[in-house]
Amino acid sequence: MAALGGPVRTLRALLRELRHAAGRSYRDSPAYRHVLAAFRAHRVTSEKLCRAQQELHFQAATYLCLLRSVREHEALHREYHGRGERSPKEVAGLVGFRLPQQPGGKG
């Protein structure tokens with residue numbers, strides 16, 4: 001995980017990942033409401049120096065890393081996952097070979 005950046009930047013990126021995961025109705029999800037409530041509860045005010053705010057920021061950045069990793073993993077899995085049994089001709093084409101021709105024009 002790289003540098004944390006600012007809490008607002010992390011919040012926006014986290015909400016963007018929730019939108020990718022949940023679709024258009026992400027604002028109705030419990031995760032969206034929980035993240036916003038947690039960030040609002042841990043704001044730094046002039047009356048207190050809140051160490052929990054930095055802890056929340058670190059947890060949010062960790063969760064953001066998890067959401068991004070899951071999304072990227074699913075994209076890679078869809079792209080490269082096997083599609084079942086392939087014929088020898090298809091397999092040869094994948095690796096750049098051609099099957100030899102059968103004598104008598106059978107292949």
Side-chain angles (χ1 to χ4, degrees):
M1 192 165 58
L4 289 178
V8 174
R9 184 176 179 184
T10 303
L11 174 65
R12 292 182 72 194
L14 190 56
L15 295 179
R16 189 176 322 120
E17 286 299 322
L18 285 174
R19 184 173 57 238
H20 282 297
R24 288 187 173 256
S25 62
Y26 75 102
R27 289 186 179 195
D28 299 330
S29 70
Y32 176 82
R33 289 190 298 267
H34 174 73
V35 166
L36 281 183
F39 267 86
R40 285 184 184 132
H42 289 85
R43 279 187 293 202
V44 176
T45 64
S46 60
E47 292 134 12
K48 64 178 181 175
L49 178 61
C50 185
R51 189 167 26 156
Q53 198 268 345
Q54 291 178 349
E55 180 182 337
L56 173 78
H57 185 205
F58 180 74
Q59 287 177 351
T62 304
Y63 187 56
L64 172 62
C65 181
L66 171 74
L67 288 176
R68 280 184 182 155
S69 298
V70 167
R71 181 174 49 90
E72 290 171 1
H73 169 74
E74 288 175 351
L76 288 171
H77 185 73
R78 277 193 306 274
E79 185 173 345
Y80 294 109
H81 183 66
R83 292 173 182 84
E85 193 70 26
R86 296 178 188 215
S87 70
K89 187 174 183 178
E90 285 179 309
V91 174
L94 283 174
V95 295
F97 294 129
R98 290 186 315 169
L99 292 178
Q101 296 293 323
Q102 293 286 333
K106 293 185 179 178

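- For H34, the ring-ring contact (aromatic ring centres under 6.0 Å, His included) test picks out no residue, with sequence neighbours left out.
- Looking at every heavy atom in both residues, L99 comes nearest to P88 through CD1-C, 4.1 Å.
- Atom CZ of R33 sits in a crowded spot, with more than 12 heavy atoms from other residues, nucleotides or ligands closer than 6.0 Å.
- Among all heavy-atom pairs drawn from Y26 and L18, the shortest one is CB-O, 3.8 Å.
- Distance check: C65 SG to E17 CD gives 10.0 Å after rounding to the nearest 0.5 Å.
- The CZ atom of R68 sits 7.0 Å away from atom CZ of R16, with the distance rounded to the nearest 0.5 Å.
- Atom CZ in R98 sits 10.5 Å away from atom NZ in K89 (nearest 0.5 Å).
- Contact annotation: the side chain of L94 never approaches that of E90 to less than 4.5 Å [non-hydrogen atoms, C-beta and beyond].
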Quiz item: Where do L66 and T62 land on the side-chain contact (heavy atoms from CB on, under 4.5 Å) test, with the steps shown first?
Solution: CA-CA 6 Å; L66 171 74; T62 304; over 6 Å; no
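- The minimum heavy-atom distance linking L11 with V35 is given by the pair CD1-CG1, 3.6 Å.
- Once rounded to the nearest 0.5 Å, the distance linking CZ of R19 with CG of L67 reads 13.0 Å.
- Think of F97 as one node in a network of Ile, Leu, Val, Met, Phe, Trp and Tyr side chains linked at under 4.5 Å; its network also takes in V95.
- Between atom NE2 of residue H73 and atom CZ of residue R78 there is a gap of 10.0 Å, rounded to the nearest 0.5 Å.
- Residue-environment remark: CZ (R71) exceeds the threshold of 12 foreign heavy atoms within 6.0 Å.
- Nearest heavy-atom pair across L15 and Y32 is CD2-CD1, 3.5 Å.
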